[in-house]
K.L.:
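There's a structure below that I have some questions on.
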Amino acid sequence: MAYHGLLDKYGTLLDLPAHTRPVSLLEGNTPLIPAEALSRQMGGGFELFVKFEGLNPTGSFKDRGMTAAVSEALGRGAKTVICASTGNTAASAAAYASRAGLKSIVLIPQGKVAAGKLAGAIAYGAQVIQIDGSFDDALTMVVQISDKHPICLVNSINPYRIEGQKTGAFEICDMLGAAPDWLCLPVGNAGNITAYWAGFKQYDSLKATGLPQVLGVQAAGSAPLVLGHPVENPETVATAIRIGKPARGEQALEAAEESKGRIIAVSDDEILSMQKMLARLEGIWVEPASAAGLAGLAHEIAAGNFSAGGKRIVAICTGHGLKDPDIIIKDMAKPQIVSPNLAALEEVIFG
Ligand SMILES: *Cc1c(COP(=O)(O)O)cnc(C)c1O
């Protein structure tokens, strides 16, 4: 049977109003890739899978929530959607709004959005507005303007975003036949960890698939949930999780506690070295934030805080490496230049 996207596949399990009119780019259905070499590198003895969410239509998991949020907005008669974004929500909102024939407005923190994300939002036709402030400032502004004007907010405080994002958990259970022992993922505004936990609980109540323990991972320079207070000026190379006041922070802490998991922080160096390791050992290139879940897993194993032996672990890799090429190019040795003849090429390859 042809694949028609997430609302067709899982719509009956999602709490969406009757007026919802499906808008889909055939999102979801992303692969769960076995990562044996990476598991060995971390000490081995456990099964590791990468759910590569960068393979969604606009290159991040945001499309799971956006198909639901924009479908609801369209059915309700909305004409315009708006969001604050570190980049991926902007690109996703813009793409789904275009497909639905709606206008999109995206607010981004000035100078802090990766090139591939900004380019996407522009290509899909959003009105892009840079705020001389942080993501948290931008989120406050879109909440205020959507309260006052008939503009539909599609950040993850929109409940339909969470409904759509539950499908990530459903797919994992469908592919593995049960929930994994552990789920590792990055935490920014904390919508995704909230959605995964809700999804696993719902599937377990329907199909007895069990529940994972959840390891949520923040970047050390923007780790409000680890510190226990908001971070005024969050900083990290992982721009997608550069968030100081997570909108669903309470729910993220609940997910960690209920699942007998935890939320930890890792350094930017750990994130970047995991990004490279994943690309070099497994051929999976993700943007920095997307490597945070795996960096957290490696951190916990190395620190002796985690007994991985015999476990089945799934890491959510949230966005594609192509979103943020600059982070690689910045540190790259310039590729060698050779004359266009065989001898010169042999010299370079064989010395
Ligand atoms: C949005 C995003 C995150 C963070 O997800 P939250 O739901 O905000 O916690 C992590 N990685 C990438 C690539 C993202 O786009």
Side-chain angles (χ1 to χ4, degrees), residues 31 33 35-42 48 50-56 58-62 85-88 90-91 108-123 128 130 135 184-186 188 217-222 234-242 265-299 302 315-351:
I33 306 172
E36 288 170 27
L38 186 59
S39 155
R40 274 198 302 279
Q41 176 74 27
M42 290 189 210
L48 180 62
V50 167
K51 186 151 178 70
F52 193 10
E53 289 287 281
L55 297 182
N56 274 295
T58 78
S60 85
F61 76 83
K62 298 300 195 302
S85 179
T86 60
N88 282 330
I108 58 174
Q110 188 205 345
K112 298 291 183 181
V113 170
K117 304 179 187 181
L118 181 57
I122 293 166
V128 179
Q130 295 199 74
F135 167 84
C184 311
L185 78 175
V217 185
Q218 303 205 285
S222 56
E235 265 314 332
T236 169
V237 287
T239 51
I241 53 174
R242 188 172 166 275
V266 294
S267 69
D268 279 5
D269 283 349
E270 288 175 284
I271 289 173
L272 292 177
S273 84
M274 180 54 73
Q275 180 196 31
K276 289 197 189 82
M277 200 144 62
L278 182 60
R280 287 171 195 184
L281 292 178
E282 302 288 359
I284 302 171
W285 181 29
V286 304
E287 64 166 284
S290 307
L294 283 166
L297 176 65
H299 180 103
I316 308 301
C317 286
T318 43
H320 204 289
L322 285 167
K323 290 278 192 167
D324 192 357
D326 297 342
I327 198 85
I328 304 294
I329 291 167
K330 189 167 63 63
D331 293 330
M332 183 176 88
K334 211 165 153 247
Q336 282 173 293
I337 299 173
V338 301
S339 320
N341 64 69
L342 182 60
L345 181 62
E346 284 174 332
E347 174 61 26
V348 163
I349 294 176
F350 303 108

K.L.:
Got a second to check how far Cys184's SG is from Leu294's CG, nearest 0.5 Å?
P.N.:
6.5 Å
K.L.:
A side-chain contact here means heavy atoms from C-beta on lying under 4.5 Å apart; do Asn88 and Lys323 qualify?
P.N.:
yes
K.L.:
Which heavy atom in Pro186 sits nearest to a heavy atom in Ile316, and how many Å separate them?
P.N.:
CD-O, 3.6 Å
K.L.:
To the nearest 0.5 Å, how far apart are OG in Ser290 and CD1 in Ile271?
P.N.:
10.0 Å
K.L.:
In chain order, what residues pass the side chain to side chain donor-acceptor pair (under 3.5 Å) check against Ser273, with sequence neighbours excluded?
P.N.:
none
K.L.:
Would you list the pairs meeting side chain to side chain donor-acceptor pair (under 3.5 Å) in which at least one residue belongs to residues 113-122, sequence neighbours left out?
P.N.:
Lys117-Glu287
K.L.:
Test of understanding: with ring pair (Phe, Tyr, Trp, His ring centres under 6.0 Å), list the residues that count as partners of His299, not counting sequence neighbours.
P.N.:
none
K.L.:
State, to 0.1 Å, how close Ala90 and Ser85 come at their nearest heavy-atom pair, and which atoms those are.
P.N.:
N-OG, 2.9 Å
K.L.:
Can you tell me if Ser39 and Glu36 form a side-chain donor-acceptor pair at under 3.5 Å?
P.N.:
no
K.L.:
Any side-chain heavy atom of Glu282 within less than 4.5 Å of one from Gln41?
P.N.:
no
K.L.:
Could you state the interatomic distance from NE2 (His320) to CH2 (Trp285), rounded to the nearest 0.5 Å?
P.N.:
7.5 Å
K.L.:
Report all side-chain donor-acceptor pairs from residues 324-338 shorter than 3.5 Å, counting only partners two or more places apart or in another chain.
P.N.:
none

K.L.:
What are the two closest non-hydrogen atoms of Ala289 and Ala240, and how far apart are they?
P.N.:
CB-CB, 3.6 Å
K.L.:
Just verifying a value: how many Å separate Arg40 CZ and Leu48 CG, rounded to the nearest 0.5 Å?
P.N.:
11.5 Å
K.L.:
Minimum heavy-atom separation for Gly319 and Phe52, please, with both atom names.
P.N.:
O-CE1, 4.3 Å
K.L.:
Say whether, by atom type as modelled, one donor and one acceptor occur between the side chain of Glu270 and the main chain of Ser267 under 3.5 angstrom.
P.N.:
yes
K.L.:
Ignoring hydrogens, what is the shortest heavy-atom contact between Val50 and Ala35? Give both atom names and the distance.
P.N.:
CG2-CB, 4.1 Å
K.L.:
Walk me through it: do Leu38 and Met274 pass the test side-chain contact (heavy atoms from CB on, under 4.5 Å)?
P.N.:
CA-CA 10 Å; Leu38 186 59; Met274 180 54 73; 4.0 Å; yes
K.L.:
Testing the basics here: between Val286 and Cys317, what is the closest heavy-atom pair and its distance to 0.1 Å?
P.N.:
CG1-CB, 3.7 Å
K.L.:
Residues in salt bridge (Lys or Arg N to Asp or Glu O under 4.0 Å) with Lys112, at least two apart?
P.N.:
Glu235
K.L.:
Would you give the length of the straight line joining atom OG1 of Thr318 to atom CG of Leu185, rounded to the nearest 0.5 angstrom?
P.N.:
8.0 Å
K.L.:
Considering only distance and modelled atom types, tabulate donor-acceptor pairs under 3.5 Å from the side chains of residues 340-351, sequence neighbours left out.
P.N.:
from: Asn341; atom 1: OD1; to: Ala343; atom 2: N; distance (Å): 3.3
from: Asn341; atom 1: OD1; to: Ala344; atom 2: N; distance (Å): 2.9

K.L.:
Would you say Thr86's side chain and Ile241's backbone share a donor-acceptor pair under 3.5 angstrom?
P.N.:
no
K.L.:
At what distance, to the nearest 0.5 angstrom, does CG of Leu278 lie from CD1 of Ile284?
P.N.:
5.0 Å
